[in-house]
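Structure record follows, encoded as structure tokens.
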Amino acid sequence: MNLKQLEAFLWVAELQSFTRAAKHLYMSQPAVSFQIKSLEESLGATLFYRGDKKVELTEAGRLLYPEARQILRHFQKIKAGLDELKGLKRGHLCLGASTIPGEYLLPLLIGRFRRHYPGVEVTLRIAGSGQVIRWVREREIDLGVTGAPVKEEGLECLPWYRDRLVLIVGPEHPWANRKTVSPGELLDQPLILREPGSGTRRSLEAKLAQAGYSLEGARVVMELGSTRAVITAVQAGLGVSLVSALAAAEPLALGRVCQVALQNMDLTRYLYLIHAPEWPGSFAAGAFWDFIRQEGQAGKQNELSKKAPPTERPAP
């Protein structure tokens with residue numbers, strides 16, 4: 001039994017004629033007769049009394065009629081809903097992000113995305129990179145954004161937005177007027193860092209390792225759970241730190257902290273998009289994926305472009 005058979009059955013029942021039903025359905029009369037015959041064979045019951053001038057429902061046909069109408073109504077409702085999803089007139093998207101992309105990038109991007117697709121509801125959950133990875137792994141979110149790459153079977157990771165770490169000191173710190181310092185000098189200073197496992201901390205450890213240095217034996221005086229708290233502690237003169245340029249931009253502009261260049265170290269890093277292999281899981285997710293990849297493709301500097309989202313999206 002299929003929908004085409006049910007549709008033919010309903011029109012024959014309503015018009016009491018195979019000929020009139022065929023005209024309405026833009027089919028030949030033999031084709032309509034074939035659909036009805038196939039339906040009767042599938043159900044093992046005769047659905048119509050066939051007379052010379054009209055056809056009438058049998059008892060089995062009268063039993064099927066209201067159910068067939070209900071099935072087609074449900075199908076039309078589902079199809080209309082899918083058309084709305086495809087057109088992004090409605091939908092839901094759940095995102096997860098570590099603190100840097102979650103606090104400094106995604107709210108802006110989500111706002112601009114929803115101006116184009118106001119019917120799509122977006123939820124943003126912010127936590128450490130490890131938690132974001134778990135959310136993606138357990139399919140609790142559609143897409144994750146972290147400050148460090150993920151090498152885990154079953155997850156796909158893509159470099160997305162170019163960021164960099166910057167060394168900041170308090171305005172009263174002796175380095176406030178220095179242009180550069182060496183990595184060795186840095187490690188002799190009291191360091192205020194993000195907690196182990198955070199994207200910022202992992203990026204810093206990787207950069208130090210590339211330059212032949214390590215945090216082992218360094219003067220780590222404080223480990224904090226948010227970059228805002230780290231910057232506040234640096235501003236208070238409790239130590240120095242390396243944080244995302246995205247997070248440091250405003251306090252630097254306001255003179256709350258000062259930036260010092262770190263010699264012989266490339267502090268460029270990327271923010272990463274993480275998703276399960278069966279991506280995208282919805283039309284809204286596919287549209288947002290295209291949108292943010294255009295807005296913050298790997299290799300861009302820290303300035304969000306103002307392009308509209310693409311009109312073509314991958315099917316879920």
Side-chain angles (χ1 to χ4, degrees), residues 1-95 113-114 116-123 125 135-143 154 275-290 309-316:
M1 184 172 65
N2 59 47
L3 291 170
K4 185 172 287 189
Q5 292 170 351
L6 289 178
E7 188 176 22
F9 164 76
L10 287 171
W11 280 110
V12 171
E14 297 220 0
L15 299 175
Q16 297 182 319
S17 166
F18 282 81
T19 302
R20 288 196 293 270
K23 288 181 179 179
H24 182 87
L25 293 168
Y26 299 99
M27 297 170 64
S28 67
Q29 183 175 331
V32 172
S33 297
F34 175 77
Q35 295 292 344
I36 299 301
K37 187 173 183 295
S38 298
L39 179 59
E40 289 178 327
E41 289 176 352
S42 174
L43 296 174
T46 300
L47 300 174
F48 292 104
Y49 295 119
R50 293 156 172 84
D52 292 336
K53 295 185 177 180
K54 68 176 181 178
V55 295
E56 294 182 352
L57 290 170
T58 64
E59 184 179 9
R62 289 194 298 272
L63 178 66
L64 176 62
Y65 182 78
E67 302 300 330
R69 291 195 64 177
Q70 190 72 6
I71 289 170
L72 283 180
R73 282 198 196 99
H74 280 307
F75 172 75
Q76 289 162 358
K77 184 177 180 181
I78 291 169
K79 189 175 183 301
L82 287 173
D83 288 342
E84 286 189 350
L85 290 177
K86 290 176 185 178
L88 294 176
K89 294 179 181 178
R90 66 170 174 165
H92 185 263
L93 178 65
C94 187
L95 307 173
F113 177 79
R114 292 202 71 241
H116 292 277
Y117 305 115
V120 177
E121 296 180 3
V122 183
T123 300
R125 301 165 66 177
W135 287 336
V136 175
R137 186 196 309 127
E138 296 171 10
R139 310 302 193 268
E140 293 185 30
I141 59 175
D142 295 301
L143 177 67
H275 61 80
E278 60 274 14
W279 174 266
S282 68
F283 295 105
F288 190 75
W289 170 266
D290 281 350
T311 55
E312 296 184 1
R313 298 171 291 282

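This one's a predicted model, so the numbers in the text were calculated from it and none came from an experiment.
- A salt bridge (Lys or Arg N to Asp or Glu O under 4.0 Å) check over residues 17-38, counting only residues at least two apart or in different chains, returns the pairs Lys37-Glu41.
- In this pair, His275 and Trp289 present their aromatic rings perpendicular. The plane angle is above 60°, beyond the 30 to 60° band.
- A pairwise comparison of heavy atoms in Thr46 and Arg50 identifies CG2-NH1, 4.3 Å as the closest pair.
- Put simply, CD on Glu140 and SG on Cys94 are 8.5 Å apart, with the number rounded to the nearest 0.5 Å.
- With sequence neighbours left out, the side chain to side chain contact (heavy atoms under 4.5 Å, CB included) criterion links Ser42 to Met1.
- To the nearest 0.5 Å, atom CG of residue Leu47 and atom CZ of residue Phe9 are 5.5 Å apart.
- In this structure the side chain of Glu40 never reaches within 4.5 angstrom of the side chain of Thr58, judged on heavy atoms.
- With sequence neighbours excluded, no residue forms a side-chain hydrogen bond (donor to acceptor under 3.5 Å, both in side chains) with Gln16.
- Remark: Arg62 engages no residue in a side-chain hydrogen bond (donor to acceptor under 3.5 Å, both in side chains) (not counting sequence neighbours).
- Of all heavy-atom pairs between Pro277 and Gly154, the closest is CD-O, 2.9 Å.
- Atoms CG and CZ, on Leu95 and Phe288 in that order, are 5.0 Å from each other to the nearest 0.5 Å.
- With sequence neighbours excluded, the residues satisfying side-chain hydrogen bond (donor to acceptor under 3.5 Å, both in side chains) with Thr123 are His92.
- Taking the salt bridge (Lys or Arg N to Asp or Glu O under 4.0 Å) definition, one finds that Glu121 meets it with nothing, sequence neighbours left out.
- Residue Glu59 qualifies as open at atom CD: its count of foreign heavy atoms under 6.0 Å is 12 or below.
- Scanning for side-chain hydrogen bond (donor to acceptor under 3.5 Å, both in side chains) contacts around Gln5 gives an empty result, with sequence neighbours left out.
- For Lys4, there are no salt bridge (Lys or Arg N to Asp or Glu O under 4.0 Å) partners two or more places apart in sequence or in a different chain.
- Taken to the nearest 0.5 Å, the CG atom of Leu64 stands 8.5 Å off from the CG atom of Leu57.
- Between Phe113 and Val120 the shortest side-chain heavy-atom distance falls below 4.5 Å.
- Between the CZ atom in Arg69 and the CG atom in Leu6 there is a gap of 13.0 Å [rounded to 0.5 Å].
- Taking the side chain as every heavy atom from C-beta outward, Leu10 and Tyr65 approach each other to under 4.5 Å.
- Under the side chain to side chain contact (heavy atoms under 4.5 Å, CB included) criterion, Glu56 pairs with Lys54, sequence neighbours left out.
- For Glu7, the salt bridge (Lys or Arg N to Asp or Glu O under 4.0 Å) test picks out no residue, with sequence neighbours left out.
- In this structure Arg114 satisfies the salt bridge (Lys or Arg N to Asp or Glu O under 4.0 Å) test with no other residue, sequence neighbours excluded.
- When all heavy atoms of Ala8 and Ile36 are compared, the pair lying nearest together is C-CD1, 3.8 Å.
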Side-chain atoms of residues 24-33: list all donor-acceptor pairs with protein atoms under 3.5 Å, sequence neighbours left out, distances to 0.1 Å.
unit_1: Ser28; atom_1: OG; unit_2: Ala31; atom_2: N; d: 3.2
unit_1: Gln29; atom_1: OE1; unit_2: Thr19; atom_2: OG1; d: 2.8
unit_1: Ser33; atom_1: OG; unit_2: Gln29; atom_2: O; d: 3.1

